[in-house]
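Because only heavy atoms are used, hydrogens play no part in the values below, and waters and symmetry mates are left out as well, while side chains stay in. If you're wondering where the values come from, they're calculated on a predicted model, not measured in any experiment.
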Amino acid sequence: MLFRSHNYLDLQPDIYMCPIKEPCHFCTDINPVEFNGSFKDAMSFDSKSYFSGLENTQRHIAFVENRKDYLKLFDTKSNYKYKGESSTAYLYSLNASNEIKKFNSDSRILICLRHPVDRIISHYLMDLSALSQVEQSLDKAVVADYGAKNRGWGKSHLYVEMSLYYNQIQRFIDNFPLDQIDRKST
């Protein structure tokens with residue numbers, strides 16, 4: 001059985017995991033203003049309401065661009081040895097590894113990878129359940145997405161590109177010592 005890494009880490013007594021699983025804070029090269037309609041709707045985030053306590057609950061994903069807001073996500077009365085988050089966009093982002101290093105060069109990086117084909121299928125099924133995928137079959141959806149003119153995070157699905165791990169992992173290896181990077185496959 002596959003476990004979700006974020007939830008597993010959150011169960012550990014010395015680890016605090018961010019209430020927004022994927023705040024995507026360090027993806028400075030990804031612009032939420034350019035997202036397509038369905039992705040933009042899923043990403044809608046009112047930071048003022050969230051941080052005033054009106055919405056301060058668990059959330060899957062948001063682009064938390066403001067540094068002060070990002071740091072508020074880790075405010076906790078308890079003392080934890082580690083604090084973390086699980087933004088999958090960091091692998092795809094060209095800037096995230098550099099931005100994370102500038103923020104904290106001692107960061108521990110955990111990279112969990114699925115078999116590339118399993119990742120594509122899971123991504124497609126997630127899109128179907130979120131109603132952001134209108135193609136009737138996986139193969140047609142992948143071909144249509146790969147041929148789309150307006151491509152990028154939040155603009156297209158990136159079924160194939162997000163499964164091309166070599167360059168994505170290399171950016172982290174270029175920025176962090178190997179003893180700070182844990183790699184797991186599922």
Side-chain angles (χ1 to χ4, degrees), residues 2-35 42-43 45-48 50-53 55-116 118-119 122-123 152-154 158 161-186:
L2 271 172
F3 64 84
R4 299 199 183 281
S5 302
H6 182 89
N7 296 343
Y8 176 76
L9 291 170
D10 199 33
L11 293 173
Q12 307 312 306
D14 56 347
I15 300 175
Y16 174 83
M17 294 302 287
C18 180
I20 299 177
K21 178 183 174 278
E22 299 184 44
C24 304
H25 178 72
F26 297 104
C27 297
T28 58
D29 57 326
I30 298 175
N31 185 355
V33 173
E34 298 175 354
F35 292 168
M43 295 295 293
F45 177 69
D46 179 359
S47 63
K48 189 174 183 175
Y50 186 88
F51 291 109
S52 69
E55 294 181 28
N56 202 346
T57 59
Q58 296 285 324
R59 182 182 170 99
H60 179 81
I61 190 167
F63 264 69
V64 180
E65 297 176 87
N66 180 286
R67 181 62 52 92
K68 286 182 182 178
D69 286 345
Y70 179 73
L71 292 174
K72 286 178 192 174
L73 293 171
F74 299 94
D75 282 350
T76 176
K77 291 179 178 34
S78 300
N79 232 357
Y80 291 93
K81 186 174 180 180
Y82 303 102
K83 295 180 181 180
E85 50 121 320
S86 303
S87 296
T88 59
Y90 294 159
L91 264 183
Y92 179 78
S93 169
L94 298 176
N95 294 353
S97 63
N98 291 327
E99 295 296 320
I100 294 167
K101 183 177 182 178
K102 282 193 282 185
F103 177 73
N104 181 358
S105 62
D106 293 326
S107 293
R108 298 286 308 183
I109 308 299
L110 175 61
I111 301 173
C112 296
L113 304 174
R114 284 188 176 173
H115 184 284
D118 292 341
R119 198 216 62 76
S122 174
H123 186 161
W153 187 275
L158 303 170
E161 294 84 344
M162 289 183 58
S163 287
L164 302 175
Y165 298 132
Y166 179 82
N167 289 331
Q168 297 172 23
I169 295 169
Q170 190 62 50
R171 288 191 285 271
F172 283 89
I173 291 172
D174 291 345
N175 276 297
F176 294 94
L178 286 179
D179 65 347
Q180 286 177 225
I181 301 172
D182 292 318
R183 297 155 313 278
K184 305 292 182 213
S185 298
T186 59

>> Can a donor-acceptor pair be found, under 3.5 Å and without considering hydrogens, that links the side chain of Arg171 to the backbone of Tyr92?
In response: yes
> What is the distance from atom CE of Met17 to atom OG of Ser5, rounded to the nearest 0.5 Å?
Replying inline: 8.5 Å
>> Is the shortest side-chain heavy-atom distance between Pro32 and Phe35 below 4.5 Å?
In response: yes
> Does the Asp29 side chain pair with the main chain of Leu94, one donor and one acceptor, at a distance under 3.5 Å?
Replying inline: yes
>> For Ile100 versus Tyr90, what's the shortest heavy-atom pair and its separation?
In response: CD1-CD1, 3.9 Å
> Any side-chain heavy-atom pair from Glu85 and Ile20 closer than 4.5 angstrom?
Replying inline: no
> Which residues satisfy the ring-ring contact (aromatic ring centres under 6.0 Å, His included) test with Tyr165, sequence neighbours excluded?
Replying inline: none
>> Within this structure, what is the CD-CD1 distance for the pair Gln168 and Ile173, rounded to the nearest 0.5 Å?
In response: 12.0 Å
>> Quick one: does any side-chain atom of Ser93 pair with a main-chain N or O of Ala89 as donor and acceptor, under 3.5 Å?
In response: no
>> A side-chain contact here means heavy atoms from C-beta on lying under 4.5 Å apart; do Phe63 and Asn31 qualify?
In response: no
>> Counting only heavy atoms not in Tyr82 (residues, nucleotides, ligands), do more than 12 fall under 6.0 Å from its OH?
In response: no
> Is there a side-chain contact between Leu73 and Pro23, using heavy atoms and a 4.5 Å cut-off?
Replying inline: yes
> What distance do Asn167 atom CG and Phe172 atom CZ have between them, rounded to the nearest 0.5 Å?
Replying inline: 13.0 Å
> Between Arg59 and Ile61, is there a donor-acceptor pair closer than 3.5 Å when you use the side chain of the first and the backbone of the second?
Replying inline: yes
> So with a 6.0 Å cut-off around CG of Asn79, is the heavy-atom count from everything else above 12?
Replying inline: no
>> Test of understanding: with ring-ring contact (aromatic ring centres under 6.0 Å, His included), list the residues that count as partners of Phe74, not counting sequence neighbours.
In response: Tyr70
> Does any N or O in the side chain of Glu99 come within less than 3.5 Å of the main-chain N or O of His25, such that one atom is a donor and the other an acceptor?
Replying inline: no
> Side chains of Phe45 and Glu65: does their closest heavy-atom pair fall under 4.5 Å?
Replying inline: no
> How many angstroms lie between CG in Asp10 and SG in Cys18, if you round to the nearest 0.5 Å?
Replying inline: 10.0 Å
>> If I compare all heavy atoms of Leu158 with all of Arg119, which pair ends up nearest, and what's the gap?
In response: O-NH2, 3.8 Å
> Could you walk me through whether Asp69 and Lys72 pass the salt bridge (charged side-chain N to carboxylate O under 4.0 Å, His left out) check?
Replying inline: CA-CA 5 Å; Asp69 286 345; Lys72 286 178 192 174; 3.5 Å; yes
> Nearest heavy-atom pair of Phe103 and Leu71: which atoms, and what distance?
Replying inline: CZ-CD2, 3.8 Å
> Closest heavy-atom contact between His6 and Ser86?
Replying inline: ND1-OG, 2.7 Å
>> Do Met162 and Trp153 make a side-chain contact, defined as non-hydrogen atoms from C-beta onward lying under 4.5 Å apart?
In response: yes
>> His123: which residues meet the ring-ring contact (aromatic ring centres under 6.0 Å, His included) condition with it, sequence neighbours left out?
In response: Tyr159
> Hey, does Leu110 have a side-chain heavy atom less than 4.5 Å from the side chain of Leu9?
Replying inline: yes
> Testing Ser105, Ser97, Ser107 for side chain to side chain donor-acceptor pair (under 3.5 Å) with Asn175, which one passes?
Replying inline: Ser97
